[in-house]
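First the proteins, then the strands, lettered A, B, ... as listed; each starts at 1.
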Amino acid sequence: MTVEPTDPTAPAPSDFIRDIVAQHVAEKRYPKIVTRFPPEPNGYLHIGHAKAICINFGIARENGGTCNLRMDDTNPAKEEIEYVDAIIDDVKWLISGWAEHQLGFKRKGATPAAQIVDGKPDYYLASVPADAGQTELEPFFASHYFDQLHDYAVELIRRGRAYVCDLSPKDTDDYRGAPDRPGKDSPFRQRSVAENLDLFARMRAGEFPDAARSLRARIDMASPNMWLRDPLLYRIRHTAHHQTGDKWCIYPLYDSAHCLSDYLEGVSHSLCSLEFTDHRPLYDWILEALGLPRPLPHQYEFSKLRPTYMIGSKRKLIGLVNSGVVTGWDDPRLPTIRALRRRGVPASAVRRFAIGAGVTKFISTTDIAVFEHAVREELNPIAQRRLAVLKPVKLVLTNIPAGEKLECAATNDPQSETPTTRTVHLTREVYIESDDFAEVPPPKYFRLKPGGEVRLKYACIITCDEVIKDATGAVVELRCTADLTTRAGGPNVDRKVKGTVHWVSATECIEAKVRLYDRLFTVPEPGLDDDFLKNVNPHSLEVVTARLEPALKGAAPAQYFQFERLGYFVLDARDATPAKPVFNRTLPLKDTWAKAPGGK
RNA sequence: UGCCUGAUGGUGUAAUGGUAGCACAGGCGACUUUGACUCGCCUAGUCAUGGUUCGAAUCCAUGUCGGGCAGCCA
């Protein structure tokens, strides 16, 4: 797909959902296109969520609409406030520069307001742009609708569409039947409206212990769709909620809360992943049963984004963190948004990848190479070039006196239309990459070898005269001659040699810890195996002490660098200090040589 | 042996009854003071079988294979 996700003027890529939205826009079915991104605050966002974010915000963006960020927090037992801030932060980062004007928040503390529409009572909570700024804003919370949700539940009872059921959880299961076997009616199904109203009020008042009773929709215990077999709407949970404290001891379930939350916010298109397909008839049933006055939202499902070599399952992610395989939720090897960000992946690259994967109902796995391509595609034009040597070997230019500094102009941004340069100093002693020298070179090796020539990038051509080894036979020093006539401005600057090699001055460089990350797993689909920990790549992290050119001393977090011929790097925002820089390798450069028979 | 849902090169995706295209990956070559980038060329596909039609990836039927659903999780 040839989209430019970062270009705000780019035409929207078409897919089956966008086609539907376009049709609704054409027929003016809704006053405004409103989508939503509804994470449950019980974990961190990951690359899979990025797809949902891109679809929901993308469709809002393309239709002059809004996408509400809503915490789907109807289960106090599982959710924690700690995740809320992280989610907000991740979403804002991901849409920044692309769809931040679409982000819908609400005034702090706001709840849906009662209104009359077409003579009917109604509740509505409008969004305000998150970038409006004048007032204190917050995301939406399903828990902030508990009053209205409760009123809707009461209305369902009044309409004879819901009842209080005294069946235990175990009996409820038994009565439900199985996919190929109809369930049977609860003995409490025919209670009177008055009795149901009374019982539900007493549930709310806290008269019954957890799970003693529940509120159920009265639909059809013989439905082939399990979710229509009198699904639970409310359960009793004597648990405090991070938003509502101990105000409630009954909490709505996903199915009763989600559709109504969408409605309350004026959502037009509720876009979610495939596993909710079976819930859609229930989503529609609840909204229709209530006879609501405004246009109803509708749900459409798409398949998740599953890149190879990554895992999306919350449980497995927790397993990685708790087992100590990774250092935390933002460990750069993880597919969480925080981790990707720390690793040096720009938000635009996450978007490019997520959008490029397309929107379908086909359950697919996306080659991680597509992700890596998207990252390089975004980084190549913007990353500042620098020289760094990861695994140094000393090289002495015997014809340059100690103390002499030869100025060389190094290009910062070769992809720019107006490239700029900085100065690096060529000195008598430099470091080059140990990979760039071979005493017995493989075929087609055009780096440095005994008696061979190579260009020190931005400097000059050198010849290797002598190889010095230690007692164990390891190469400790290369003694070379520099041909200064091949420097920029020199008479032989245009002399060609096959190989060009990066280097840093041994006397001017700085030391830094550099983390070389590789994919976390050794198999493309680690999630397939329940014992996925055994597929962890033991070499997913290598830490080296590298030598960097002095310009890197002033590096700031979120500055993207390309260490020439090596890859893309960023300062580690968490562990680096001014005195002790730490860099993370985002990705290595593509390396055709490494794939060649002689290469590595 | 229930309901829902899907199937296009190795991977992902487009073609909405009219030339099966794009991207990634892979291969070859050009360029190169990054074995990067860029550029050129190449490899490779409609799940199967019937049917409708002048014409089918697309519509119909049957089959095969994949995924989801039996939480008081979302």
Chemist: Checking A:Arg237 against A:Tyr251: charged group under 6.0 Å from the ring centre and within 45 degrees of the axis?
Modeler: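 A:Arg237 over A:Tyr251 ring: no.
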Chemist: Measure from the side-chain heavy atoms of A:Ile363 and tell me the nearest of B:U1, B:C73, B:G66.
Modeler: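 Closest nucleotide to the A:Ile363 side chain: B:G66.
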Chemist: For A:Glu301, report the nucleic acid contact type (base, sugar-phosphate, nothing); a contact means any heavy atom under 4.0 Å.
Modeler: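 If one applies the 4.0 Å heavy-atom cut-off, A:Glu301 turns out to touch nothing in the nucleic acid.
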Chemist: Using only heavy-atom distances, determine whether the side chains of A:Asp185 and A:Tyr175 contain a donor-acceptor pair under 3.5 Å.
Modeler: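 A:Tyr175 and A:Asp185 do not have a side-chain donor-acceptor pair below 3.5 Å.
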Chemist: So, does the side chain of A:His502 form a donor-acceptor pair with the base of B:A36 at under 3.5 Å?
Modeler: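 When only heavy-atom distances are counted, A:His502 does not reach the base of B:A36 through any donor-acceptor pair under 3.5 Å.
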Chemist: Look at the side chain of A:Arg565 against the base of B:U34 and say whether a donor-acceptor pair falls under 3.5 Å; ignore hydrogens and angles.
Modeler: no
Chemist: Nearest to the side chain of A:Asp173, which nucleotide is it out of B:C72, B:G35, B:U34?
Modeler: B:C72
Chemist: Name the pairing partner of B:C65, where a pair is Watson-Crick or G-U wobble with both distances under 3.5 Å, or state none.
Modeler: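 B:G6 is the nucleotide pairing with B:C65.
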Chemist: Hey, does A:Arg385 reach any base, or is it just sugar-phosphate, or nothing, if we go heavy atoms under 4.0 Å?
Modeler: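 Result for A:Arg385 = base.
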Chemist: Just do the side-chain contact (heavy atoms from CB on, under 4.5 Å) check on A:Lys304 and A:Lys51 with the steps written out, would you?
Modeler: CA-CA 7 Å; A:Lys304 284 181 169 169; A:Lys51 174 169 177 177; over 6 Å; no
Chemist: Looking at B:C22, which nucleotide sits across from it as a Watson-Crick or G-U wobble partner, both distances under 3.5 angstrom, or is there none?
Modeler: B:G12
Chemist: Taking only the side-chain nitrogens and oxygens of A:Thr74, find out if one of them lies under 4.0 Å from OP1 or OP2 of B:C73.
Modeler: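 Result: no.
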Chemist: Output yes when at least one side-chain N/O atom of A:Arg181 is less than 4.0 Å from OP1 or OP2 of B:C3, else no.
Modeler: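 Checking A:Arg181 against B:C3: no side-chain N or O falls below 4.0 Å of OP1 or OP2.
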Chemist: Any idea which of B:C72, B:G2, B:U33 is nearest the A:Ser214 side chain?
Modeler: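 Of all the options, the side chain of A:Ser214 is nearest to B:C72.
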Chemist: Using a cut-off of 4.0 Å on non-hydrogen atoms, how would the nucleic acid contact of A:Ser168 be classed: base, sugar-phosphate, or nothing?
Modeler: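 Base, at least one base heavy atom under 4.0 Å.
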Chemist: Does a side-chain N-to-carboxylate-O contact under 4.0 Å join A:Glu207 and A:Arg213?
Modeler: no
Chemist: Select base, sugar-phosphate, or nothing to describe what A:Lys361 touches, counting heavy atoms under 4.0 Å on all strands.
Modeler: sugar-phosphate
Chemist: Check every strand shown and say whether A:Lys304 touches a base, only sugar-phosphate, or nothing at a heavy-atom separation below 4.0 Å.
Modeler: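 Since no nucleic acid heavy atom lies under 4.0 Å of A:Lys304, the category is nothing.
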Chemist: Would A:Trp593 count as stacking on B:G35 if stacking means ring centres less than 5.5 angstrom apart and planes tilted under 30 degrees?
Modeler: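 A:Trp593 vs B:G35: stacking yes.
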Chemist: Give a yes/no on whether any side-chain N or O of A:Arg280 is located under 4.0 angstrom from OP1 or OP2 of B:C3.
Modeler: no
Chemist: Can you tell me, in whole Å, how much space there is between the P of B:G45 and that of B:C22?
Modeler: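 Each nucleotide's P atom is 15 Å from the other's.
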Chemist: Between A:Arg495 and A:Glu453, is there a salt bridge with N-O shorter than 4.0 Å?
Modeler: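 Salt bridge between A:Glu453 and A:Arg495, a charged N being under 4.0 Å from a carboxylate O: yes.
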Chemist: Does A:Glu40 reach a base, just sugar-phosphate, or nothing at all? Heavy atoms under 4.0 Å.
Modeler: sugar-phosphate
Chemist: Using a heavy-atom cut-off of under 4.0 Å over every strand shown, decide if A:Val493 touches base, sugar-phosphate, or nothing.
Modeler: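 Since a base atom lies under 4.0 Å of A:Val493, the category is base.
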Chemist: Would you check if the side chain of A:Arg229 reaches a backbone N or O of A:Ser223 as a donor-acceptor pair within less than 3.5 Å?
Modeler: yes
Chemist: Measuring from the side chain of A:Gln415 (C-beta onward, heavy atoms only), which nucleotide among B:C37, B:A25, B:U13 has the closest atom?
Modeler: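 The closest nucleotide is B:C37.
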Chemist: Donor-acceptor check, side chain of A:Ser434 to backbone of A:Val393, threshold 3.5 angstrom: yes or no?
Modeler: no
Chemist: Going by modelled atom types, is there a donor-acceptor pair between the base of B:G12 and the side chain of A:Asp367 at under 3.5 Å?
Modeler: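 Answer is no: no donor-acceptor pair is held.
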Chemist: Sticking with atom C1', work out how far B:U19 lies from B:U58, rounded to a whole angstrom.
Modeler: 16 Å
Chemist: B:C41 pairs with which nucleotide, Watson-Crick or G-U wobble, both distances below 3.5 Å?
Modeler: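 With both distances under 3.5 Å, B:C41 matches B:G27.
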Chemist: How is A:Leu274 classified with respect to the nucleic acid when contacts are heavy atoms under 4.0 Å: base, sugar-phosphate, or nothing?
Modeler: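 Answer is nothing: A:Leu274 stays at 4.0 Å or more from every strand.
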Chemist: Does B:A74 have a Watson-Crick or wobble mate here (both distances under 3.5 Å), and if so which one?
Modeler: none
Chemist: In whole angstrom, give me the gap between the P atoms of B:G9 and B:A14.
Modeler: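 Rounded to whole Å, the distance is 13 Å.
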Chemist: Any side-chain N or O of A:Arg176 below 4.0 angstrom from OP1/OP2 of B:G71?
Modeler: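 Checking A:Arg176 against B:G71: at least one side-chain N or O falls below 4.0 Å of OP1 or OP2.
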Chemist: Report which part of the nucleic acid A:Tyr445 touches: base, sugar-phosphate, or nothing (heavy-atom distance under 4.0 Å, all strands).
Modeler: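 The residue A:Tyr445 makes base contact.
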Chemist: For the side chain of A:Pro224, starting at C-beta, report the closest nucleotide among B:U33, B:C3, B:A74.
Modeler: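 Out of B:U33, B:C3, B:A74, the nucleotide with an atom closest to A:Pro224's side chain is B:C3.
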Chemist: Thinking salt bridges, do A:Arg189 and A:Asp230 make one under a 4.0 Å N-O criterion?
Modeler: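 Here A:Arg189 pairs with A:Asp230 in a salt bridge, since their nearest N and O are under 4.0 Å apart.
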Chemist: Can you tell me, in whole Å, how much space there is between the P of B:G21 and that of B:U43?
Modeler: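 Each nucleotide's P atom is 12 Å from the other's.
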Chemist: With rounding to whole Å, what would you report as the distance between B:G12 and B:A25 at their P atoms?
Modeler: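 To the nearest whole Å, 15 Å.
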Chemist: What is the nucleic acid contact for A:Thr365, judged by heavy atoms within less than 4.0 Å: base, sugar-phosphate only, or nothing?
Modeler: sugar-phosphate
Chemist: Counting side-chain heavy atoms from CB outward, which of B:C37, B:A14, B:C73 is closest to A:Asn75?
Modeler: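 Among B:C37, B:A14, B:C73, the one nearest the side chain of A:Asn75 is B:C73.
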Chemist: So, taking the atom named CZ in A:Phe583 and the one named CZ in A:Phe563, what distance separates them when rounded to the nearest 0.5 Å?
Modeler: 4.5 Å
Chemist: Classify A:Lys496 by what it touches in the nucleic acid, base, sugar-phosphate, or nothing, heavy-atom distance under 4.0 Å.
Modeler: sugar-phosphate
Chemist: Indicate, with a heavy-atom threshold strictly under 4.0 Å, whether A:Phe276 touches base, sugar-phosphate, or nothing.
Modeler: base
Chemist: OP1 or OP2 of B:C72 sitting under 4.0 Å from any side-chain N/O of A:Lys170?
Modeler: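 Indeed not, no polar side-chain atom of A:Lys170 lies that close.
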Chemist: Between B:C69, B:U33, B:U1, which one does the side chain of A:Lys457 approach most closely?
Modeler: B:U33
Chemist: Measure from NZ or CZ of A:Arg216 to the centre of the six-membered ring of A:Tyr163, then state whether that distance is under 6.0 Å and the direction lies within 45° of the axis.
Modeler: no
Chemist: Has A:Lys498 got a side-chain N or O lying under 4.0 Å from the OP1 or OP2 atom of B:U33?
Modeler: no
Chemist: Looking at the angle O4'-C1'-N9-C4 for a purine or O4'-C1'-N1-C2 for a pyrimidine, is B:G63 syn or anti, with syn meaning within 90° of 0?
Modeler: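 Anti conformation for B:G63.
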Chemist: To the side chain of A:Glu275, which of B:G68, B:C72, B:G12 is closest?
Modeler: B:G68
Chemist: I want to check one thing: is the phosphate of B:U13, taken as OP1 and OP2, less than 4.0 Å away from some side-chain N or O of A:Thr360?
Modeler: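 Answer yes for this pair, as a side-chain N or O of A:Thr360 is under 4.0 Å from OP1 or OP2.
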Chemist: For the side chain of A:Ala369, starting at C-beta, report the closest nucleotide among B:A74, B:A25, B:U33.
Modeler: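 From the listed options, B:A25 comes nearest.
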Chemist: Rounding to an integer number of angstrom, what distance separates B:A57 and B:U13 when you compare their C1' atoms?
Modeler: 14 Å
Chemist: Would you classify A:Pro414 as touching base, sugar-phosphate or nothing, given that sugar-phosphate means primed atoms plus P, OP1 and OP2, and contacts are heavy atoms under 4.0 Å?
Modeler: base
Chemist: Could you work out the separation of B:A30 and B:A36 based on their P atoms and round it to a whole Å?
Modeler: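 These two P atoms come out 13 Å apart once rounded.
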Chemist: Identify whether any heavy atom of A:Thr411 sits under 4.0 Å from a base atom; if not, whether one sits that close to sugar-phosphate; answer base, sugar-phosphate or nothing.
Modeler: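 Counting heavy atoms under 4.0 Å across all strands, no contact is made by A:Thr411.
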Chemist: Name the closest nucleotide to the A:Thr592 side chain, picking from B:A7, B:C72, B:A36.
Modeler: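 Nearest to the side chain of A:Thr592 among the choices is B:A36.
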Chemist: Taking atom P in both B:C47 and B:G40, what distance in whole Å separates the two?
Modeler: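 Between the two P atoms, the distance is 31 Å.
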